[in-house]
Amino acid sequence: MATEIILPKLGFSMNEGMLAEWLVADGGAVTAGAPLFALESDKSTQEVEAPASGTLKILKQPGETYDVGTILGEII
């Protein structure tokens, strides 16, 4: 079963964030807890860790702003 990669809420007032870059290529191997993507919010840029191990399937492209809760990709 696939694990959804969801844009997290990093601060109390955060409603959206920009997917700055994927740190793993589409189809690449992912290890749970390893940095997966960089997320820019109003106040900072943070690396977000992979929630599971498997193969990354990217659904959203970097350089765009998405709402908190948006599914950015899957780990299968």
Side-chain angles (χ1 to χ4, degrees):
M1 186 169 150
T3 300
E4 294 178 337
I5 301 164
I6 297 173
L7 191 135
K9 186 169 188 161
L10 300 177
F12 180 74
S13 63
M14 183 177 167
N15 295 316
E16 61 183 20
M18 186 181 81
L19 176 59
E21 69 175 311
W22 286 100
L23 304 175
V24 176
D26 191 37
V30 176
T31 302
L36 183 60
F37 63 92
L39 179 63
E40 289 184 18
S41 64
D42 293 341
K43 300 177 183 172
S44 67
T45 300
Q46 295 186 358
E47 290 183 350
V48 179
E49 297 178 351
S53 296
T55 302
L56 176 62
K57 179 180 178 186
I58 293 176
L59 301 176
K60 301 291 185 185
Q61 296 305 308
E64 298 291 328
T65 300
Y66 302 102
D67 292 333
V68 168
T70 298
I71 299 170
L72 303 175
E74 297 177 331
I75 298 174
I76 44 179

Within one Ile-Leu-Val-Met-Phe-Trp-Tyr cluster: V30 and I58, side-chain cutoff 4.5 Å:
yes
With rounding to the nearest 0.5 angstrom, report the NZ to CD distance, K57 to E4.
11.5 Å
What are the two closest non-hydrogen atoms of I71 and K60, and how far apart are they?
O-CG, 3.4 Å
In terms of hydrophobic clustering (I, L, V, M, F, W, Y; side-chain heavy atoms under 4.5 Å; direct or indirect links), are L72 and L23 co-clustered?
no
Tightest non-hydrogen contact, residues L56 and A25, listed as CD2-O, 3.8 Å
With respect to M18, which candidate in L39, T65, L7 satisfies the side chain to side chain contact (heavy atoms under 4.5 Å, CB included) definition?
T65
Scanning both residues in full, the closest heavy-atom pair of A50 with T31 reads CB-O, 3.6 Å
I'd like to check L19 versus E64 (side-chain heavy atoms, cut-off strictly below 4.5 Å). Are they in contact?
no
Specify the closest pair of heavy atoms between V68 and M14, including all atoms of both residues, with the distance to one decimal.
CG2-O, 3.7 Å
Honestly curious: do V24 and Y66 fall in one hydrophobic cluster under the side-chain, below-4.5 Å linking rule?
yes
Side chain T55, main chain G27, donor-acceptor under 3.5 Å:
no
Drop me the distance from L36's CG to E49's CD, to the nearest 0.5 angstrom.
9.5 Å
